[in-house]
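Both backbone and side-chain heavy atoms feed into the values below; hydrogens, waters and symmetry mates do not.
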Amino acid sequence: MILNPVTLPTDTDLAHQWRERDNFVLLDSEFGSGEDFFTTWQAWRDDPQRPRQLHYLALLPQLSALSDLQKSAGKFPEWADLCAELRAAWPPAVPGFHRVFLQQNQLVLTLMIGDAVACLRQIVAKVDAFRMLGRSWQTWPVAALGTLGKLAAQHASLDICGLEGVARKQLQQAGFVFEDAADGGFQTNIARARFTPRFTARSAVAAIHGDRRAIVIGAGLAGSAACQRLVQRGWRVDLIESHAAPAQQASGNSAGIFMPVLSLDDNPGSRLSRSAYLFALQTWRRLGGTGTAFTGAACGVLQVARDAEHAEGQQQLADFWRYPADYAQWLDQVAASRLAGYPVSEGGWYFPAAGWVQPRSLCQAMLDDCGNHLHTHFGRRAAALERGQDSWTICDQQGKEIANAPVVILANACDALHFSQAEDLPLSAIRGQITTIEAGQVPAIAPVICGEAYLTPAYEGFCSVGASYDEDQQQTLRQDSQDDNLARLANILPGWQAGALPLAGRVGFRCVASDRLPLVGALPDKTGACAVREAKLKDLARFPGLYSLLGYASRGLIWAPLAAELLVSQLNGEPLPIEADLAAALDPARFLLKKQRRGTPPHQ
């Protein structure tokens with residue numbers, strides 16, 4: 001049932017709760033076609049004492065069509081501009097958590113698409129108000145209502161429609177105390193409760209940093225994105241970089257491609273890549289757009305199958321998932337060749353919103369977006385990391401202090417291993433050589449072509465082919481790496497032969513973790529005691545105020561924005577942008593936990 005906006009509790013009751021708050025979190029059990037969301041948005045926007053930032057978490061089994069949003073907004077003329085802004089940021093209809101920034105980043109909508117109960121269990125947040133005014137919650141197992149108590153902030157409100165005895169009892173056991181219907185102030189079919197538990201469980205959530213000063217070490221994609229997300233939340237940041245300019249190591253390649261990863265079982269790696277890819281697209285749009293605010297092109301990416309057997313498997317994947325066309329399309333060989341503008345070896349996946357970016361220009365755009373809240377220290381190497389009473393001090397090789405702050409973020413790839421606090425992280429440097437070719441010596445393709453190699457469209461007369469995956473540490477160009485790049489490209493474009501080409505390109509070193517996933521979050525302290533016998537991630541000791549953004553491997557372009565958003569959300573005590581199990585998969589302490597579970601005794 002959709003209620004008239006005039007009668008929703010949002011207008012008056014929520015305003016009393018959120019007034020003069022810095023942040024406020026609302027969880028809606030049924031987004032529907034957006035009427036309640038538009039009502040809340042309008043009430044928040046019209047309130048001069050509104051919270052600085054409103055997080056609106058919304059459950060929905062499948063994404064509403066844009067036409068449904070337009071129809072809802074058409075009921076009230078004052079919603080027209082709200083709907084236009086939301087439509088422009090509306091994500092593709094794929095499962096998972098989708099974070100959407102509106103109203104100059106002050107309104108944060110997190111759409112949670114999928115089974116509502118499963119999504120509810122994956123939320124990491126402290127919710128100030130629960131809105132359960134639709135009917136969908138009534139299909140949940142009663143036990144699922146107990147999850148609300150685990151999510152509730154102190155004195156959180158609950159507005160719920162259609163409540164009956166068993167469900168009421170479950171909510172009361174979770175800590176909610178119901179008011180009399182006469183005290184509600186609105187329709188009697190809506191019950192109201194406050195979260196007032198008898199006992200308060202000890203929270204494992206890290207303390208929110210009141211002193212919003214941070215040091216970021218490393219000015220590549222990871223560090224630049226961290227600076228941008230921190231400053232957007234009002235932090236002041238010192239950026240330390242050993243080189244004279246940003247993006248001089250792995251982020252210094254002339255072109256990198258951005259695209260998601262697909263799998264039939266939709267494993268955590270695929271789910272993470274989907275979230276990272278879509279979040280990156282939104283972040284770049286807010287910066288000004290690919291090809292406008294920074295160098296690159298959203299020209300699409302065609303990922304060609306390895307062989308006929310692989311193509312058959314990908315066709316089965318396409319038949320099973322039926323992705324929306326604006327996210328991914330499976331094309332047979334004829335259609336793929338037509339799209340490429342040149343015959344390709346097999347069919348392939350086409351990602352229409354994907355493309356290529358020059359990482360250095362993206363780093364500069366993110367740093368430029370920070371304004372005067374960012375203080376840069378280029379040409380200075382962070383050699384020592386020392387903890388004081390409540391802050392960290394970074395010193396150079398001569399022992400001179402560079403910066404001091406309560407929070408330090410290591411975003412300097414494998415160089416982080418030089419610090420004793422990070423020396424045990426399972427990171428390695430993998431050599432990657434990119435080959436540069438004059439545009440006239442390769443086919444004039446339309447999208448990026450990739451498979452076991454990739455080829456970018458021409459930019460300033462040159463194309464990039466890559467990249468090798470070598471385990472040695474040679475920093476200069478090698479002929480065998482170039483030959484391998486060209487041979488793999490020829491397998492994708494069977495009618496093309498490289499011929500004799502000069503040795504040209506660039507060598508970079510990817511920072512890769514042993515499980516191929518990034519390390520995002522608080523660094524574990526292996527010397528810290530753990531009082532719990534069967535420890536979980538939340539039980540492991542951490543270095544206070546020390547965090548990592550490391551191990552992006554060859555996908556730094558899409559990892560950087562989401563990883564930075566995840567970390568800054570943790571620092572600020574905000575709802576996380578991804579599911580709890582995905583955040584756990586990125587936790588830097590996961591390796592220490594595995595070691596302990598294998599029977600290695602923790603250090604005492």
Side-chain angles (χ1 to χ4, degrees), residues 1-3 26-41 55-75 82-83 85-102 108-123 125 130-141 144 147 161-162 260-268 270-279 281-282 317-330 349 351-353 575-582:
M1 178 179 67
I2 300 300
L3 303 174
L26 185 151
L27 173 59
D28 188 346
S29 67
E30 188 169 332
F31 185 83
S33 53
E35 287 93 339
D36 291 359
F37 173 65
F38 286 131
T39 298
T40 304
W41 186 353
H55 278 269
Y56 194 106
L57 314 181
L59 296 165
L60 60 169
Q62 59 188 18
L63 199 67
S64 303
L66 287 174
S67 58
D68 292 337
L69 291 180
Q70 189 69 51
K71 184 177 179 181
S72 297
K75 298 176 182 178
L82 309 185
C83 183
E85 185 175 353
L86 181 59
R87 283 168 55 90
W90 203 240
V94 291
F97 285 21
H98 299 264
R99 176 154 288 184
V100 177
F101 290 87
L102 304 162
V108 185
L109 170 64
T110 302
L111 298 165
M112 298 168 285
I113 304 173
D115 177 77
V117 174
C119 287
L120 190 69
R121 291 172 179 155
Q122 291 292 330
I123 297 172
F130 296 89
R131 176 180 293 161
M132 305 176 68
L133 302 181
R135 297 177 180 175
S136 62
W137 74 266
Q138 297 176 37
T139 66
W140 300 356
T147 305
C161 186
V261 175
L262 308 180
S263 66
L264 185 60
D265 61 354
D266 203 31
N267 56 52
S270 296
R271 292 165 57 205
L272 280 163
S273 82
R274 178 167 66 237
S275 294
Y277 167 70
L278 295 175
F279 188 81
L281 295 183
Q282 184 192 171
L317 190 159
D319 293 341
F320 181 81
W321 284 106
R322 299 188 179 277
Y323 294 112
D326 58 343
Y327 178 69
Q329 306 170 29
W330 173 255
W349 283 104
F351 304 101
L576 298 191
I578 57 176
E579 297 90 324
D581 65 337
L582 297 185

Next item on the list: Carefully, step by step, assess Leu111 and Phe31 under the rule side-chain contact (heavy atoms from CB on, under 4.5 Å).
Entry: CA-CA 8 Å; Leu111 298 165; Phe31 185 83; 4.1 Å; yes
Note to self: Could you check whether any side-chain N or O of Gln122 sits under 3.5 Å from a backbone N or O of Ala580, counting only pairs where one atom can act as donor and the other as acceptor?
What the structure shows: yes
Next item on the list: Kindly give the heavy-atom pair with the smallest separation between Pro92 and Pro324, and that separation in Å.
Entry: CB-CG, 4.4 Å
Next item on the list: Look only at the side chain of Trp140 and the backbone of Val117, and say whether a donor-acceptor pair between them is shorter than 3.5 Å.
Entry: no
Note to self: Distance check, rounded to the nearest 0.5 Å: Thr110 atom OG1 versus Leu57 atom CG?
What the structure shows: 5.5 Å
Item checked: Atom pair OH (Tyr56) and CG (Leu102), whose distance is rounded to the nearest 0.5 Å -> 12.5 Å
Next item on the list: Scan Met112, Arg131, Met132 and name whichever one has a side-chain contact (heavy atoms from CB on, under 4.5 Å) with Asp28.
Entry: Arg131
Note to self: Measuring only between side-chain heavy atoms, which start at C-beta, is Arg99 closer than 4.5 Å to Ile578?
What the structure shows: no
Check: Using the ring of each side chain (for Trp, its six-membered ring), is Trp41 parallel, tilted or perpendicular to Phe38, with breaks at 30° and 60°?
Finding: parallel
Notebook entry, point to check: For Ser64 and Trp90, what are the C-alpha separation, side-chain angles and deciding distance, and is it a side-chain contact (heavy atoms from CB on, under 4.5 Å)?
Noted result: CA-CA 9 Å; Ser64 303; Trp90 203 240; 4.1 Å; yes
Notebook entry, point to check: Would you find a donor on one side and an acceptor on the other, under 3.5 Å apart, between the side chain of Gln70 and the backbone of Cys83?
Noted result: no
Next item on the list: State, to 0.1 Å, how close Ala318 and Trp349 come at their nearest heavy-atom pair, and which atoms those are.
Entry: CB-CH2, 3.4 Å
Notebook entry, point to check: Does the side chain of Glu35 come under 3.5 Å of the side chain of Ser33 through a donor N or O and an acceptor N or O?
Noted result: yes
Note to self: Set out, in order, the CA-CA distance, both residues' side-chain angles and the distance that settles side-chain contact (heavy atoms from CB on, under 4.5 Å) for Leu262 and Tyr327, then state yes or no.
What the structure shows: CA-CA 11 Å; Leu262 308 180; Tyr327 178 69; 3.9 Å; yes
Item checked: Main-chain N/O of Val261 paired with Arg274 side-chain donor or acceptor, under 3.5 Å -> no
Checklist line | Distance, nearest 0.5 Å, that separates OG1 of Thr139 from CH2 of Trp137 | finding: 9.5 Å
Next item on the list: Determine the minimum heavy-atom distance between Tyr323 and Ser263, stating which atoms define it.
Entry: OH-O, 4.2 Å
Check: Do you know which two heavy atoms are closest between Arg87 and Leu66, and how far apart they sit?
Finding: NH1-O, 3.2 Å
Notebook entry, point to check: Is the side chain of Trp330 donor-acceptor paired with the backbone N or O of Arg322 at a distance under 3.5 Å, no angle test?
Noted result: no
Check: Under the side-chain contact (heavy atoms from CB on, under 4.5 Å) criterion, do Val100 and Val108 qualify, and how do the steps go?
Finding: CA-CA 6 Å; Val100 177; Val108 185; over 6 Å; no
Check: Between atom CG of Leu576 and atom CZ of Phe97, what is the distance when rounded to the nearest 0.5 Å?
Finding: 9.0 Å
Next item on the list: Output yes when a side-chain donor or acceptor of Arg121 lies under 3.5 Å from a complementary backbone atom of Ala144, and no otherwise.
Entry: no
Margin query: With rounding to the nearest 0.5 angstrom, report the CG to CG distance, Asp266 to Leu317.
Written below: 9.0 Å
Next item on the list: First locate atom CG of Leu63, then atom CD1 of Ile113, and finally report the distance between them rounded to the nearest 0.5 Å.
Entry: 4.0 Å
Next item on the list: Report yes or no: does Gln329 contribute a side-chain atom to a donor-acceptor pair with the main-chain N or O of Ala325 at less than 3.5 Å?
Entry: yes
Notebook entry, point to check: Can you tell if the side chain of Asp581 reaches within under 4.5 Å of the side chain of Pro268, non-hydrogen atoms only?
Noted result: no
Checklist line | Flag, side chain of Glu30 to backbone of Arg135, donor-acceptor distance under 3.5 Å | finding: yes
